Amino acid sequence: MTARVAVLISGSGSNLQALLEACADEAFPAEIVKVVSNRPGVYGLERAAAAGVRTEVIDHKAYEGRAPFEAALRGSLEEAAPDVICLAGFMRVLAADFVRAFEGRMLNIHPSLLPAFRGLHTHRQALEAGVKIAGCTVHVVTPALDDGPIVGQAAVPVLPGDTEDSLAARILKAEHRLYPAALRAFVEKRAAEAEGASLFVV
Ligand SMILES: Nc1nc2c(c(=O)[nH]1)N[C@@H](CN(C=O)c1ccc(C(=O)N[C@@H](CCC(=O)O)C(=O)O)cc1)CN2
Ligand SMILES: NCC(=O)N[C@@H]1O[C@H](COP(=O)([O-])[O-])[C@@H](O)[C@H]1O
């Protein structure tokens with residue numbers, strides 16, 4: 001079965017692009033059915049349109065607070081009937097009620113080796129901490145920030161003279177390899193678990 005995936009973005013969408021390219025392979029067990037951005041005019045929307053994927057903008061600045069924004073965002077996602085939601089450079093903290101509506105089937109890619117360096121400015125945190133290994137993590141989204149079960153990780157070296165930009169660029173390349181691999185593993189595990197359940201029903 002091919003999993004229906006909706007992707008949330010806020011910007012460039014380079015991770016979205018990696019997922020689009022992976023899904024273009026007929027053997028990949030997922031298809032991207034909708035891309036939703038909380039920011040209008042971002043390049044990620046152009047990437048989705050070029051791939052023939054439906055897009056929608058739910059601009060958080062157009063709503064009076066998080067609750068009405070998240071209600072609109074939830075409606076846009078539910079309209080697509082996704083099996084899995086992928087946050088890909090999505091930059092809004094989601095309230096517990098929203099996360100629970102998609103419990104266990106929402107993934108995020110975070111540019112650090114969690115549990116190290118949660119939140120924003122992860123590359124600055126890594127350089128200030130003096131770590132020699134950095135990387136990225138795909139995890140299940142929970143109400144707590146950047147805290148859910150880890151699906152996969154990729155490590156890269158921190159090199160002498162690295163700046164935030166040089167480290168971010170190295171990690172971003174790893175993200176583009178990690179996210180499709182992690183999504184495949186996540187989808188295949190869910191399918192196997194569902195098949196296992198049906199065996200007991202029979
Ligand atoms: N409930 C959860 N929501 C989100 C998670 C999560 O694990 N649980 N992951 C984040 C993604 N993320 C880091 O990977 C992250 C994104 C945004 C922020 C943040 O502080 N955002 C600010 C606004 C920043 C902006 O709009 O430029 C905010 O929401 O006030 C922290 C971490 C996605 N959501
Ligand atoms: N906390 C979330 C976060 O920092 N996400 C990060 O935003 C960057 C841009 O992604 P993009 O090129 O896919 O838009 C990526 O490095 C991603 O890990």
Side-chain angles (χ1 to χ4, degrees), residues 5-23 32 35-48 51 53 55 57-63 65-70 73-74 77 84-126 134-156 163-183:
V5 176
V7 182
L8 296 185
I9 64 170
S10 296
S12 166
S14 70
N15 275 288
L16 165 66
Q17 186 65 42
L19 295 174
L20 286 166
E21 290 172 7
C23 290
I32 296 175
V35 172
V36 184
S37 175
N38 69 295
R39 290 180 180 156
V42 295
Y43 188 53
L45 293 168
E46 294 182 37
R47 295 182 194 264
V53 175
T55 64
V57 175
I58 305 290
D59 184 348
H60 67 282
K61 292 180 179 176
Y63 295 86
R66 285 181 194 269
F69 161 68
E70 292 190 0
L73 186 62
R74 178 173 174 177
L77 288 172
V84 178
I85 292 109
C86 287
L87 309 186
F90 183 71
M91 299 304 287
R92 303 300 294 176
V93 176
L94 295 164
D97 286 352
F98 184 98
V99 174
R100 291 193 186 105
F102 304 103
E103 185 95 41
R105 58 192 179 103
M106 187 154 51
L107 301 179
N108 177 54
I109 189 156
H110 180 78
S112 82
L113 292 174
L114 292 173
F117 313 137
R118 292 186 170 95
L120 297 175
H121 313 301
T122 61
H123 311 110
R124 182 188 310 164
Q125 292 184 63
C136 48
T137 302
V138 173
H139 65 93
V140 177
V141 175
T142 60
L145 191 59
D146 305 328
D147 188 53
I150 291 173
V151 176
Q153 295 188 298
V156 302
T163 63
E164 285 186 55
D165 287 348
S166 62
L167 180 57
R170 191 173 309 119
I171 292 172
L172 197 57
K173 288 180 181 174
E175 291 177 47
H176 298 161
R177 295 192 300 272
L178 174 64
Y179 217 166
L183 177 59

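On a predicted model such as this, the values are computed, not experimentally measured, just so you know. Values below: every heavy atom of this structure, side chains too, minus hydrogens, waters and symmetry copies. Counting starts at 1 for both ligands and their atoms, following the listed order. In this chain, residues are counted from 1 in sequence order.
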Examine ligand 1 and decide if any of its atoms is less than 4.0 Å from a heavy atom belonging to [X].
| X | value |
| --- | --- |
| R66 | yes |
| G148 | no |
| A144 | yes |
| R39 | yes |
| H139 | yes |

For ligand 2, which atoms sit closer than 4.0 Å to a heavy atom of [X]?
| X | value |
| --- | --- |
| G89 | 5 (N), 7 (O), 10 (O) |
| L172 | 15 (C), 16 (O) |
| P111 | 3 (C), 4 (O), 18 (O) |
| S12 | 12 (O), 14 (O) |
| G13 | 11 (P), 12 (O), 13 (O), 14 (O) |

For [atom], what is the closest protein heavy atom, and at what distance to 0.1 Å?
| atom | answer |
| --- | --- |
| atom 20 (O) of ligand 1 | L120 CD1, 3.6 Å |
| atom 13 (O) of ligand 2 | N15 N, 2.8 Å |
| atom 34 (N) of ligand 1 | R92 O, 2.8 Å |
| atom 9 (N) of ligand 1 | D146 OD1, 3.5 Å |
| atom 14 (O) of ligand 1 | H110 ND1, 2.8 Å |
| atom 15 (C) of ligand 2 | E175 OE1, 3.2 Å |
| atom 19 (C) of ligand 1 | V93 CG2, 3.6 Å |
| atom 32 (C) of ligand 1 | L145 CD1, 3.7 Å |
| atom 1 (N) of ligand 2 | H110 ND1, 4.0 Å |
| atom 2 (C) of ligand 2 | M91 SD, 3.6 Å |
| atom 8 (N) of ligand 1 | T142 O, 2.9 Å |
| atom 12 (O) of ligand 2 | S14 OG, 2.6 Å |

> Is G44 in contact with ligand 2, taking contact as a heavy-atom separation below 4.0 Å?
Replying inline: no
>> Using heavy atoms and a 4.0 Å limit, tell me yes or no: is I109 in contact with ligand 2?
In response: yes
Sub-4.0 Å atoms of ligand 1 with respect to non-hydrogen atoms of [X]:
| X | answer |
| --- | --- |
| L87 | 33 (C) |
| F90 | 11 (C), 16 (C), 33 (C) |
| V99 | 1 (N) |

If we ignore hydrogens and angles and just use 3.5 Å, is the side chain of [X] paired with the main-chain N or O of [Y] as donor and acceptor?
| X | Y | result |
| --- | --- | --- |
| T122 | S112 | no |
| R47 | Q17 | no |
| H110 | P115 | no |
| H123 | L167 | no |
| R92 | E70 | no |
| E175 | I109 | no |

>> Does the protein place a non-hydrogen atom closer than 4.0 angstrom to atom 17 (C) of ligand 2?
In response: yes
> Looking only at heavy atoms, is any part of D146 under 4.0 Å from ligand 2, and if so is it the side chain, the backbone, or both, or is it neither?
Replying inline: neither
Could you give the distance from [atom1] ([X]) to [atom2] ([Y]), rounded to the nearest 0.5 Å?
| X | Y | atom1 | atom2 | answer |
| --- | --- | --- | --- | --- |
| T163 | R124 | OG1 | CZ | 12.0 Å |
| L113 | C136 | CG | SG | 7.0 Å |
| R39 | K61 | CZ | NZ | 6.5 Å |
| I171 | T137 | CD1 | OG1 | 9.5 Å |
| Y179 | L16 | OH | CG | 10.0 Å |
| N15 | F90 | CG | CZ | 14.5 Å |

> Between V5 and C23, does a side chain to side chain contact (heavy atoms under 4.5 Å, CB included) hold up when you go through it step by step?
Replying inline: CA-CA 10 Å; V5 176; C23 290; 5.8 Å; no
Using distance alone, decide if ligand 1 has a nitrogen or oxygen within less than 3.5 Å of any nitrogen or oxygen in [X].
| X | result |
| --- | --- |
| H60 | no |
| P143 | yes |
| M91 | yes |

>> Measuring from atom 3 (N) of ligand 1, which candidate in D147, L94, T137, N108 has the nearest non-hydrogen atom?
In response: L94
Please name the pair of heavy atoms, one in [X] and one in [Y], separated by the smallest distance, quoted to 0.1 Å.
| X | Y | value |
| --- | --- | --- |
| A88 | V7 | CB-CG1, 3.8 Å |
| P40 | D59 | CD-OD2, 3.6 Å |
| A22 | P180 | CB-CB, 3.7 Å |

> Is there a side chain to side chain contact (heavy atoms under 4.5 Å, CB included) between L94 and L87 once you walk through the steps?
Replying inline: CA-CA 11 Å; L94 295 164; L87 309 186; 4.1 Å; yes
> When you look at V140 and L107, which way does the side chain to side chain contact (heavy atoms under 4.5 Å, CB included) test go after all the steps?
Replying inline: CA-CA 5 Å; V140 177; L107 301 179; 4.1 Å; yes
>> Show, in sequence, the C-alpha distance, side-chain angles and deciding distance for N38 and L73, and conclude whether the side chain to side chain contact (heavy atoms under 4.5 Å, CB included) test is met.
In response: CA-CA 8 Å; N38 69 295; L73 186 62; over 6 Å; no
